[in-house]
Every structure is written in C-alpha cells, then in structure tokens.
Amino acid sequence: MAKNSISNLPGFRDLTPDLCLFRNYLFETWRRVANRYGFVEYEAPALEPTELYLKKSGGELSSQLFSFEDQGGRQVTLRPELTASLARMAATYQREYPKPLKWFEIGECYRYESPQKGRLRSFYQFNADILGEAGTGADAELISVAIDTMRELGFCEQDFVVRLSDRNAWVDFAEANQIAPEQLADFLSVVDKLERDSAEETDKKLVPWSLTRTDLEKFINDPGNASEAYQEISANLQARGLADFIELDLSIVRGLAYYTGTVFEIFDTKKTLRAVAGGGRYDTLIDSLSDGSVDLPATGFAMGDVVIGHLIEQSTEPTLRFESWKRENRPVEIYVVIADEANRPQALKVVQDLRDHGIRVDYPLMPAKFNKQFKAAEACRARFALIIGSEFPELSLKILAFRQEESYHATEELPAQLKKRLSEPDGPLLA
RNA sequence: GCGGCCGUAGCUCAGUUGGUAGAGCCCCGGAUUGUGAUUCCGGUUGUCGCGGGUUCAAGCCCCGUCGGUCGCCCCA
C-alpha cells in the first residue's frame, strides 16, 4: 500500500499464521486419506526443465508458464502441475517398485494467469495417481479417494457430485458420425464448451461435421451411451456404498489432450464455484514423455487448495470440522503464569519438564503483571493456565473455559498428571 | 489479451454544493502490584495509489497511468 514498501506478487499469498493453519489442516487431511488408501508420498522438484512441459502440451499453455533461464543457461520452469514430474519420475524409477504404484504428492504449483476467484498464480495441489494398472479397479479406487477426501473434510452427498465420463464414449460417437480421428481433439473441445457456449455458437462450430447441438445433447442425455468402463466403475463404487456420489455426465471431457479414457470432475452441487477437483486416465503420457522407453497405464486426480478453501468457508459442517481440528491442535495447551517473580527459576524448570513430556507450553518471557499474563493465555488460546507463585511447590491449574481451578504439586509426577488431565474433558457438563 | 467495479490509517470504511482528514477494529500502555470474555481512559499510524490538468483552493471535477477485484478467454 505504502509507496515505498514492497508487497507480494499478484496471485501469490502471504500465509499469515491463521491462513497457514488452514493450509496445514488441508494437507493433514489430504495426507491422512491418501495413507488410508495405501498411497505413498513422494516429492518431485518444483523447478523442472522447460521442455518437460512443452513436450506434451500445446502452445497456449507455454504462455502461462513461469519460465526463465538459469545461470547455467538452462531453460527452466516452475511446475504448473504435478503430473508431468510424476511421469518423469515414474519412467525413471518404476522398475524399483512393484506394480501398481499408488503415489501421491502435495506440492505448490505456479501458473502465470490473471488471478480471480478460485484461481491464483501459486497454489497447492494434492495429486494422487495409480500407475501400472489399466483396469477400471484403479479408476474406481482413485475416485473413491477423491470422494473420501471430500467426506473427510465434512461434505456429504448434498454438497458435491462427481461428474463421471469417458472419452471413449465420444470416440465411438465420432466413428459413428464420420469424424476423422485427427479431428477428435477439436471436436472434444466443442463438447467441453457446450455448457458455456450459446446454442447458436455450438451449432456454428458443429457445421463441419454436419451436426447440431441437439445431436450432442441427445447423445449426452442417453444413459445407454455410457461406456463399459463407466458401468464397471459405477458397480465398483456401488459395492463400496459410494454410488450416490457419482453421476454420469458425458459432457465432461476435460480440457487437455492427454486424457485417454475415464475422466471426472468434482463440483459443488449448487455449482457456485469452478471444479473442486478433476482427473482421469492418461495411459499414453508416460510412454510419450519417456520417448517410448516406459509404457505404463495411469490414472490420477488433482485437488487444489483454493477452490476447496472457498467451498469449506461457505459450508457449515466443513467449517465446524476445521474449528474442531483447531481446538485439538491448539498451539499452546498450558500457559504457565508466573505469579511471583521470585519463583521464575522454579517455573522455568516446570516449563521445561512439561515440554520434555511433549506438552505444548508457553509462558511470559519477561516479568508481566498478573492479569496481563491471563490475557496472554487467552490470546494464545491456551486450554489451561498453570499458576506458579509463592506457595510453590503448590500449584494451581486453571481450566480457562470453565474458570475453575484444580490443585497440583510440583513433583516428578506433574508432567504425567497434566498429560492425563489434558486427555480428559475440561470440566463437568452443566445439566 | 478484453471488459465491469474499486483504490483514503495495519484492516473495514466515512468524508456534504470543491474550503489542505475522520470513525470503528487491531496493536501498545493504563484504570487493576494474585485471576482472562465486558467496561472505561490514553497512545502510535496517512505524500488520500501515482502523474498531470482545471481552480484562489482538489480526497472530491477532468485526462492518463499503475494496482486490486470480479467476469470473459484459458484452465494441465
């Protein structure tokens, strides 16, 4: 704001402690769900050779890369996504691991785009992929991870929907309508924009193939056009009790070229935001990025932190979940109040003992007035205040939320006693 | 790359027909030398985004520019 101060770059966020806490909550949830499904975490470099991203994607995307030349004259790029690096790593190291690989990564990505709601220039992505399994069991497993991630965050059937589709259905459609294979990408981009374009616009684009919007809509609205893969995935999710979360939607084809079969996107039911997550099968990407040396079928999905952040913010249950997580992970469990400065050495010893036992403890670094110390305890959202004063070794533990005090003694047992106390509820529930 | 809206204190904003700046919150201190949610008192903070123009006089009017935001394009 001030003229001479340097501010953050557009689309880059300063994560103050509050925001960082939310990020950590997301990361922890993503990681927990992935681990629950037997996925292992890996990490690729954030900076990659530029050609990794130019090899497979079109010219349009290269203008949205954060690219530069390093001091050694190499053309390098900050990763705009995680999949290309995964494919590179998989091609390099896959022989060391039994198949299928179930790998996930959480990393920051960078795209030079104009920032707007739900889209920034730097953001975090949760990416889960299954490599080396071509069957629909892998796709179903992956979609299940996506659904459970949403459930774990506090969302239910009423809140979101997985719109599931299969590009192969459109391959069949193209064949039946004499669309040449080399025109498929162009045709799919018309399908992709169906929802956003006007009827006239779509009809105009379809003229080369002698089709109309109505033809496409008819195809999309006929459940009979669902592919065999869709049926299998649907049955798989049905068996898990998760079928209610998915919905056949052939209008979903996803933007880019590398998808080869099943594709899906997660939306909030009211569709107030852009897609929360998306993914699909990309059976030829690794082969193509490794110049044919490694051929691994693959399926994966990604969820960014920005859109899901908005969705959590505007949803009741997910917000409550986050609040409850914050209570369980409060930064300070016990604030030590030094009532009498003469006892500061004893207090420091208690503080250290508690910390040695893994209890999160804070205390006034310098002499401070008594009520000031309680305000500090309140400010750091401590659960208990341990008062150390002239009656030492007698101590008083104040349960801050209930304004009640309990008596303790500074013995070797104290840390264990307080640890136990921390595992118990604050106090008696009022009838 | 294109368009709508907005730029005044760290944050949210007010500022009359033009007369050289205000509130609330936050932060710090005190009332309160052994008890934190309320209350009261005091304190810090601005080239009014930047540049030019009109005027005796511009936060206010005009032009330009930069930044933010929302949308279009795009969305790995």
Side-chain angles (χ1 to χ4, degrees), chain A residues 1-12 14 16 18 48 52-65 77-87 109-121 123 125 127 129 189 192-193 196-198 201 253-259 263 265 273-280 282 285 289 300-304 306-307 310 335 337-343 364 367-392 394-405:
Chain A
M1 186 67 59
K3 188 174 150 191
N4 293 319
S5 71
I6 299 170
S7 63
N8 54 338
L9 261 8
F12 285 75
D14 289 330
T16 50
D18 290 351
E48 292 274 17
L52 178 64
Y53 302 110
L54 296 184
K55 205 162 181 174
K56 191 60 186 165
S57 44
E60 178 72 37
L61 294 178
S62 65
S63 70
Q64 297 180 337
L65 296 176
T77 293
L78 284 166
R79 62 184 173 202
E81 49 134 357
L82 302 174
T83 305
S85 297
L86 167 66
C109 299
Y110 310 85
R111 297 178 189 174
Y112 194 85
E113 297 187 279
S114 90
Q116 49 191 273
K117 192 173 185 184
R119 200 169 74 176
L120 301 171
R121 287 184 178 177
F123 52 92
Q125 246 188 20
N127 226 86
D129 297 87
S189 107
D192 187 39
K193 291 176 178 51
R196 284 168 297 188
D197 284 346
S198 65
E201 186 68 30
V253 294
R254 306 257 316 143
L256 231 70
Y258 67 58
Y259 288 105
V263 285
E265 292 184 342
L273 300 166
R274 56 186 79 230
V276 172
Y282 54 99
L285 182 66
L289 281 178
F301 90 96
M303 175 183 290
V306 183
V307 178
H310 282 130
Y335 191 92
V337 170
I338 303 174
D340 186 343
E341 272 303 314
N343 295 101
K369 285 183 182 169
F370 200 71
N371 67 342
K372 207 73 188 299
Q373 296 191 47
F374 273 92
K375 280 182 180 167
E378 175 89 356
C380 69
R381 287 181 299 193
R383 191 174 157 201
F384 300 153
L386 183 65
I387 302 159
I388 299 179
S390 51
E391 25 340 81
F392 188 88
E394 275 180 53
L395 308 171
S396 181
L397 184 76
K398 183 156 186 178
I399 316 303
L400 289 167
F402 280 78
R403 295 169 171 261
Q404 287 174 349
E405 296 192 21

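Order of the sequence lines sets the chain letters (A, B, ...), proteins ahead of strands, with each chain counted from 1. Bear in mind the structure is a predicted one, so any value in this text is a computation, not a measurement.
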Between [N] and [M], how many Å separate the two [atom1] atoms, rounded to a whole number?
| N | M | atom1 | value |
| --- | --- | --- | --- |
| B/rG24 | B/rG67 | P | 35 Å |
| B/rU20 | B/rU8 | C1' | 14 Å |
| B/rG3 | B/rG64 | P | 13 Å |
| B/rC6 | B/rG15 | P | 13 Å |
| B/rG29 | B/rG52 | P | 42 Å |
| B/rC11 | B/rG4 | C1' | 26 Å |
| B/rA58 | B/rG19 | C1' | 10 Å |
| B/rC40 | B/rG59 | C1' | 34 Å |

Q. Would you call the rings of A/F12 and A/Y110 parallel, tilted or perpendicular, where under 30° means parallel and over 60° means perpendicular?
A.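 Parallel, since the angle between the ring planes stays under 30°.
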Q) If you take atom types as modelled and just measure distance, does the side chain of A/R111 reach the base of B/rC74 with a donor-acceptor pair under 3.5 Å? A)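 For A/R111, whose side chain was compared with the base of B/rC74, there is no donor-acceptor pair (under 3.5 Å).
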For [X] and [N], give me the distance from atom [atom1] to atom [atom2], rounded to whole Å.
| X | N | atom1 | atom2 | result |
| --- | --- | --- | --- | --- |
| A/Q64 | B/rA76 | CD | P | 10 Å |
| A/D14 | B/rC11 | CG | C1' | 14 Å |
| A/N127 | B/rA76 | CG | C1' | 10 Å |
| A/D18 | B/rC26 | CG | P | 14 Å |
| A/Y53 | B/rC75 | OH | P | 18 Å |
| A/E113 | B/rA76 | CD | P | 10 Å |
| A/M303 | B/rC75 | CE | C1' | 17 Å |
| A/L65 | B/rC74 | CG | P | 18 Å |

Give, for atom [atom1] of [X] and atom [atom2] of [Y], the distance between the pair rounded to the nearest 0.5 Å.
| X | Y | atom1 | atom2 | result |
| --- | --- | --- | --- | --- |
| A/D340 | A/I387 | CG | CD1 | 13.0 Å |
| A/I338 | A/L386 | CD1 | CG | 10.5 Å |
| A/F374 | A/L400 | CZ | CG | 7.0 Å |
| A/L120 | A/L9 | CG | CG | 12.5 Å |
| A/S114 | A/Q64 | OG | CD | 9.0 Å |

Q.
Is it the case that the side chains of A/R274 and A/Q116 hold a donor-acceptor pair, with the cut-off being a distance below 3.5 Å and no angle test?
A.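 Yes - a donor-acceptor pair under 3.5 Å links their side chains.
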Q) Side chains of A/S85 and A/E48: do they bring a donor and an acceptor to under 3.5 Å? A)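 Note: A/S85 and A/E48 side chains meet the donor-acceptor criterion.
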Q: Mind checking A/R79 for me? I need base, sugar-phosphate or nothing, with any heavy atom below 4.0 Å counting as a touch.
A: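 The answer is nothing, as A/R79 stays clear of every strand by at least 4.0 Å.
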Q: Check every strand shown and say whether A/Q373 touches a base, only sugar-phosphate, or nothing at a heavy-atom separation below 4.0 Å.
A: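 If one applies the 4.0 Å heavy-atom cut-off, A/Q373 turns out to touch nothing in the nucleic acid.
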Q: Sort by first number and list every stem of RNA chain B: at least 3 consecutive Watson-Crick or G-U wobble pairs, both distances under 3.5 Å.
A: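 Stem list for RNA chain B: B:1-7 with B:66-72, B:10-13 with B:22-25, B:27-31 with B:39-43, B:49-53 with B:61-65.
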Could I get a table of every N or O pair under 3.5 Å where one atom is in the protein and the other is in nucleotides 64-70 of chain B?
from: B/rC70; atom 1: OP2; to: A/K117; atom 2: N; distance (Å): 3.3

Q: Using a 4.0 Å cut-off on protein heavy atoms (strictly under), produce a 5'-to-3' string for nucleotides 33-44 of chain B with B for base contact, S for backbone-only sugar-phosphate contact, and - for none.
A: -BBBB-------
(Q) Against the six-membered ring of A/F370, is A/K375 placed for a cation-pi contact (under 6.0 Å from the centre, within 45° of the normal)? (A)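 Here A/K375 fails the 6.0 Å and 45° test against A/F370.
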Q | salt_bridge(A/E113, A/R121) N-O dist < 4.0 Å | A |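 Salt bridge: no.
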**Q.** Note, A/H310 side chain near A/K117 side chain (heavy atom, < 4.5 Å)
**A.**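 Side-chain contact under 4.5 Å: yes.
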